[in-house]
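Report on the following structure.
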Amino acid sequence: MNKQNIVTRFPPSPTGTLHIGGARTALFNWLFARHHNGAFVLRIEDTDQARSTKENTEIIIESLKWLGLDWDEGPYFQSQRTEIYNECIEKLLSSGKAYYCHCNPEELERKRIEAKELGLKPKYDGTCRNLDLGKGPGAVVRLKSPLTGRTIFKDLVKGVISIDNDELDDLILQRSDGSFTYNFAVVVDDSKMGITYVIRGDDHVNNTPRQILIYQALGEPIPQYAHLPMILGPDRTRLSKRHGATSVLAYKEMGILPYALLNALARLGWSHGDQEKFSVQELIDLFSLEHVGSSAGIFNMEKLLDLNGKYIREEDDAHLADLLIPFLTNLGCSDLNREKVKAAVGTLKKRSNTLVEMAQGSLFYFKEITYEKQADENFLRPELVELLENLLSDLKGARGFDQKELEKIFSAFLDKYQIKLGKVAQPLRVALTGKTVSPGIFEVMEVMGQETVITRLSHGISYMKGKKNT
RNA sequence: GGUCCCAUCGUCUAGCGGUCUAGGAUAUCGGCCUCUCACGCCGAAGACACGGGUUCGAUUCCCGUUGGGACUACCA
């Protein structure tokens, strides 16, 4: 392999946002280019003017940036390349490799349906193929593709794929409105941009022979192909909106770390022995097409969550705090103290698989609490008032409020009343956090600080007293 | 319908003819740890779609069946 010449590309169509299937295609192209010190090109395929939007283009670019998939060239826009396409059309027309077709679409559609009903192949019948018609209203340009022979190519992940040219019809290159079709624009661009490796979803394998025919008509070299197995929804059908969170940005909003997503996407279809966790650099170092599998797979959300949790656990607190602040703000926290967020993060990273979970789990540090119903009923019981009052007075007298000091205070307290920690920890937890589930009670108290602990415990005690009276 | 592609635990996968009583991860279940919940650790259960070949020997190679997917547009 000539390492100097490797050029890959990612050509999203802005008719939708970037979903995880597209992201994985982008990732594999990017990894392949980076691994071989090649170039990675970004091209926006907006030839479908009716469905392409600027917003989608922006979302796609934002998604790629968030994932850290940077490109060396582009973004190119197909909508700005009509001159190039026109030149190529001219070339094909003048060399007799393409022709004008005046058949009207309704007629064609009718013939297609007829052919289907007869059990025949619904392909273009070649009416205008040899008529040598000129340009005219409603005319399209079609490729004059070979009637016989086979088109064969060696796919880098699927092996040799061969299809009878008879299966292919004279596909439209330029529409009657002057715009260009996907298959044509792709070939022209890949060729002009010097793309050497086309790595894409295997929903394109059937397009490949058609595209090869266009390369041949153009007299341009054919790139290497690698068709990736598709990512399917849980119902084993093509991934779409109805499968829920498929857009890359939705994962960002969920509190997934970009490199965790990348890792999960890489493992869907690619493997390196038994290894599950890869840094981005490892991915670049180890990636190769030989280890890309050939069967379609379902994206496993649970595994992503687990992986994300692992990354969260090993991320440093300060960085996590910065990432967490926007999520806390979203949940209504304001005037956040970064140091306190950092301390809170330290107590929650082991119990959070996403930043959203972490934000929710740490809310009691930053906002007023309310008691959860079950927690209230089970633990804020009036008979505990005296015990908690004694504890409160010990806590008021505490000289320090770090975990070590608190453990000492509790140890003495427990000894004095001959009780287990469990007896007092749960009611205290509810008084401090409103919930029965939280980080370790000493951690919580240290991060919360003596003042808040005393305030909340006092409030809890008077609340319990209130119950006694009713 | 036609063409093309695919087929190992629920899911993601390792396996490139003997090393497979099929390995890892995740999810599930049990245990340990323990102030709750997690984390961590230990353990359990769980798969080669089916049928023919080829071979001394098939999860691995070939064919067929079944099942799934994609494509079959003046969408990409």
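Not measured: the values here are computed from a predicted model.
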Applying a 4.0 Å non-hydrogen cut-off, can you work out what [X] is touching in the nucleic acid: base, sugar-phosphate, or nothing?
X      : value
A/S294 : sugar-phosphate
A/D169 : nothing
A/S179 : nothing
A/R210 : sugar-phosphate
A/H204 : base
A/R51  : base
A/G138 : base
A/G297 : sugar-phosphate
A/G361 : nothing
A/P234 : nothing
A/S295 : sugar-phosphate
A/L268 : sugar-phosphate
A/T47  : sugar-phosphate

(message) Using 30° and 60° as the class boundaries, would you call the ring planes of A/Y197 and A/F32 parallel, tilted or perpendicular?
(response) tilted
Once ring pair (Phe, Tyr, Trp, His ring centres under 6.0 Å) is applied, do any residues pair with [X], and if so which ones, sequence neighbours excluded?
X      : answer
A/F28  : A/F287
A/Y124 : none
A/Y85  : A/F180

(request) Drop me the distance from A/I312's CD1 to A/K349's NZ, to the nearest 0.5 angstrom. (result) 9.5 Å
(request) Quick one: pull up CG in A/L261 and OG in A/S63 and give me the separation to the nearest 0.5 Å. (result) 10.0 Å
N/O donor-acceptor pairs under 3.5 Å from side chains in residues 411-424 of chain A, not counting sequence neighbours:
residue	atom	partner	partner atom	Å
A/Y417	OH	A/N390	ND2	3.0
A/Q418	NE2	A/D415	O	3.0

Base-pairing assignment for [N] (Watson-Crick or G-U wobble, both under 3.5 Å):
N     : value
B/C4  : B/G69
B/C20 : none
B/C29 : B/G43
B/G64 : B/C50

How many Å lie between [atom1] on [X] and [atom2] on [N], as a whole number?
X      : N     : atom1 : atom2 : value
A/H272 : B/G23 : NE2   : P     : 20 Å
A/K420 : B/U34 : NZ    : P     : 11 Å
A/Q49  : B/A76 : CD    : C1'   : 14 Å
A/H19  : B/A76 : NE2   : P     : 15 Å
A/D203 : B/U72 : CG    : C1'   : 13 Å

(request) Indicate yes or no for a side-chain donor-acceptor contact from A/D402 to the backbone of A/E446 under 3.5 Å, with no hydrogens or angles considered. (result) no
(message) I'd like to know if the side chain of A/K144 reaches the main chain of A/Y99, judged simply by a donor and an acceptor atom lying under 3.5 Å from each other, with no hydrogens or angles considered.
(response) no
(request) Any chance you could list the contact pattern along nucleotides 63-69 of chain B? Use B for base contacts, S for sugar-phosphate-only contacts and - for none, protein heavy atoms under 4.0 Å, 5' to 3'. (result) ------S
(message) I'd like to compare against my own output: the B/S/- annotation of nucleotides 24-32 of chain B with a strict under-4.0 Å heavy-atom distance to protein.
(response) BBSS-----
(request) May I ask you to list the residues of residues 81-89 of chain A, by number, that have any heavy atom positioned under 4.0 Å from an atom of RNA chain B? (result)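 Listed by number, there are none.
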Table of protein N/O atoms under 3.5 Å from nucleotides 44-51 of chain B N/O atoms:
none

(message) Assess whether a salt bridge exists between A/E45 and A/R200, defined as any Lys/Arg side-chain N lying under 4.0 Å from an Asp/Glu carboxylate O.
(response)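 Result for this pair is no, no salt bridge flagged.
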(message) Does A/R351 contact B/C37 through a side-chain donor or acceptor facing the base, at a distance under 3.5 Å?
(response)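 Per atom types, the contact qualifies.
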(request) Could you measure between the two C1' atoms, the one in B/C56 and the one in B/C32, and give it in whole Å? (result) 49 Å
(message) Do A/Q403 and A/E443 have side chains that approach each other closer than 4.5 Å (heavy atoms only, starting at C-beta)?
(response)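 Side chain of A/Q403 against side chain of A/E443, heavy atoms only: contact under 4.5 Å found.
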(message) I'd like to check the salt bridge (charged side-chain N to carboxylate O under 4.0 Å, His left out) partners of A/R210; sequence neighbours left out, ordered by chain and number.
(response)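 Salt bridge (charged side-chain N to carboxylate O under 4.0 Å, His left out) list for A/R210, sorted by chain: empty.
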(message) Which residues pass the salt bridge (charged side-chain N to carboxylate O under 4.0 Å, His left out) test with A/D155, not counting sequence neighbours?
(response)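 With neighbours one apart ignored, the set is empty.
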Indicate every side-chain donor-acceptor pair of residues 354-361 of chain A with a distance under 3.5 Å to a residue at least two apart or in another chain.
residue	atom	partner	partner atom	Å
A/T354	OG1	A/V356	N	3.4
A/T354	OG1	A/E357	N	3.0
A/E357	OE1	A/N353	N	3.3

(request) Sort and list the pairs that fulfil salt bridge (Lys or Arg N to Asp or Glu O under 4.0 Å) and have at least one residue in residues 50-59 of chain A, not counting sequence neighbours. (result)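 Listed by first then second residue: A/D48-A/R51, A/K54-A/E58.
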(request) Identify which nucleotide among B/C74, B/C35, B/C37 has an atom closest to any side-chain atom of A/I172, counting heavy atoms from C-beta outward. (result)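 Out of B/C74, B/C35, B/C37, the nucleotide with an atom closest to A/I172's side chain is B/C74.
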(request) Please determine, for the side chain of A/K350, which listed nucleotide (B/A76, B/C4, B/C39) has the closest atom? (result) B/C39
(request) With RNA chain B as reference, determine whether A/Y182 or A/D164 sits nearer its 5' end, using the nearest nucleotide of each. (result)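 Its nearest nucleotide being more 5', the pick is A/D164.
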(request) Please figure out whether A/G293 or A/S438 has its closest RNA chain B nucleotide nearer the 5' end. (result) A/G293
(request) State which residue, out of A/T53, A/I59, A/T57, fulfils the side-chain contact (heavy atoms from CB on, under 4.5 Å) condition with A/T17. (result)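 Testing each of A/T53, A/I59, A/T57 against A/T17, the sole residue satisfying side-chain contact (heavy atoms from CB on, under 4.5 Å) is A/I59.
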